[in-house]
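Every number for a ligand or one of its atoms is a count from 1 in the order of the listing.
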Amino acid sequence: MNAFTHKPEAATPAPLVDPYGRAVSYVRVSVTDRCDFRCVYCMAEHMTFLPRKDLLTLEELGRLCSAFVARGAKKLRITGGEPLMRHDVMKLFRALSRHLVSGRLEELTLTTNGSQLARFAEELVDCGVRRINVSLDTLDERRFKALTRTGDHARVLTGIDAALKAGLSVKLNAVALKGVNEEEFVPLVRFAHERGMDMTFIEVMPLGEVDGPARVDQYLPMTSVRETLGAAFTLTEIDYRTGGPARYMRAEETGGRVGFITPMTHNFCESCNRVRVTCTGTLYMCLGQEDAADLRGPLRESADDALLHAAIEAAILRKPKGHDFIIDRATQAPSVSRHMSMTGG
Ligand code: SAM
Ligand code: SF4
């Protein structure tokens, strides 16, 4: 038996429920901290990445994900860094697809910058992936270069087309950045809806030291995004949910959906069903808190999953009620010192 086919315990362990009664049904797994882009709000220009030896192997990541599935996780999101830059990452998707086949897992999904999608879209579909998130902050090639520093806009657009052609449902995500992409909110919605994609906007979060503009100068509240979109579209509240934190509205003129993720202005913690695991096996019970639990130790200590389950259980009992994000002029340091590329989006 290899690690990919490692079986969960025979008796199904109890589902994971935190002290506030929230069931943990959604796990986001960052499979690498590396990326081919250096987005200004996410990374410093010269990032120091983790030594490769610190990373969990794909087999270990598969085992870790499977332990969460055994404990009731219904949705797995593979993220990063750029997940499709991890060597042989399709082996992980292939291994996890067995949980879709068994019906224990409801959704296996991905957040990507799109640069490698043309290469992998069909294989993702073959592994049971049905919906993906692609980050696209701008339709303007020059602005894209300024924002991502190293990104190739045309390549991302080709990747999005390939994903649609392969039959994937695509949701575009844009971080709303004051004075940067404000004038593009309406065109981004049109672009997405013309191609049958949802369009979601995200408030910038104070994660990690970045060079370039201060957070307070980047930050744009979602109320402002809604106001801009409301002038161009008739937005109607809808009940649609995807298990994540986005709230959706329908633009009546296009019939498409617009999502809003508001970690800063609207505290969505009361319904939080998520935890995050980094590529080194560190479990973060909350994106906006420093508290974490090491799962790599228990993973490596024994081939049996008992230690791993015990570590996960103990950690979930420490899941905090909510995050402590602050962006204001008085608060210069990031609320959380790690970068978004560590814990993934
Ligand atoms: N590389 C992939 C991508 O860009 O989609 C996946 C990882 S990336 C860290 C996930 C998401 O986090 C992206 O949509 C990105 O725009 C967003 N993100 C990164 N840093 C952020 C920040 N400080 N505040 C809000 N969103 C951020
Ligand atoms: Fe890379 Fe995604 Fe971070 Fe941009 S947001 S630097 S694409 S990990």
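Close contacts between ligand 1 and Thr112 involve ligand atoms 2 (C), 3 (C), 5 (O) [criterion: under 4.0 Å to a heavy atom]. Residue-ligand proximity, Val175 to ligand 1, at heavy-atom distances under 4.0 Å covers atoms 16 (O), 26 (N). Less than 4.0 angstrom separates some heavy atom of Thr79 from each of these atoms of ligand 1: 6 (C), 7 (C). For ligand 1, the atoms closer than 4.0 angstrom to any heavy atom of Gly81 are 1 (N), 2 (C), 6 (C), 7 (C). Distances below 4.0 Å separate heavy atoms of Cys42 from the following atoms of ligand 1: 19 (C), 20 (N). For ligand 1, the atoms lying closer than 4.0 Å to a non-hydrogen atom of Glu203 are 25 (C).
Under a 4.0 Å heavy-atom criterion, Ser135 is not in contact with ligand 2. No heavy atom of Met43 sits closer than 4.0 Å to any atom of ligand 1.
A salt bridge does not link Lys171 with Asp198: every distance from a Lys NZ or Arg NE/NH1/NH2 to an Asp or Glu carboxylate oxygen is 4.0 Å or more.
Note: an N/O pair closer than 3.5 Å links Tyr41 and ligand 1 by distance alone. The shortest N or O to N or O distance between Asn173 and ligand 1 is not under 3.5 Å.
Sorted by first and then second residue, the pairs that involve residues 228-239 and meet side-chain hydrogen bond (donor to acceptor under 3.5 Å, both in side chains), not counting sequence neighbours, are Thr234-Glu253, Thr236-Glu252.
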Scan the side chains in residues 117-126 for donor-acceptor partners under 3.5 Å anywhere in the protein, sequence neighbours excluded, and list what turns up.
residue	atom	partner	partner atom	Å
Arg119	NH1	Gln116	OE1	3.3
Asp126	OD2	Arg94	NH1	3.2
Asp126	OD2	Arg94	NH2	3.4

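Both the backbone and the side chain of Val204 come within 4.0 Å of ligand 1, judged by heavy-atom distances. Both the backbone and the side chain of Thr111 come within 4.0 Å of ligand 1, counting heavy atoms alone. At a 4.0 Å heavy-atom cut-off, ligand 2 touches Cys35 through the side chain alone.
In this structure, Met85 is not a member of the same hydrophobic cluster as Leu56, with clusters built from ILVMFWY side-chain heavy atoms closer than 4.5 Å. If you chain together hydrophobic residues whose side chains sit under 4.5 Å apart, Val225 and Val186 fall into the same group.
We find the NE2-CZ distance between His309 and Phe68 to be 9.5 Å, quoted to the nearest 0.5 Å.
Classified by interplanar angle (parallel below 30°, tilted 30° to 60°, perpendicular above 60°), the ring pair Phe233/His193 is tilted.
Met43 has its side chain within reach of Phe49: a pair of non-hydrogen atoms, C-beta onward, lies under 4.5 Å apart.
Of the listed residues (Gly80, Ser135, Ser30, Gly114), the one carrying the non-hydrogen atom nearest atom 5 (O) of ligand 1 is Ser135.
No side-chain donor-acceptor contact under 3.5 Å links Thr254 and Arg190.
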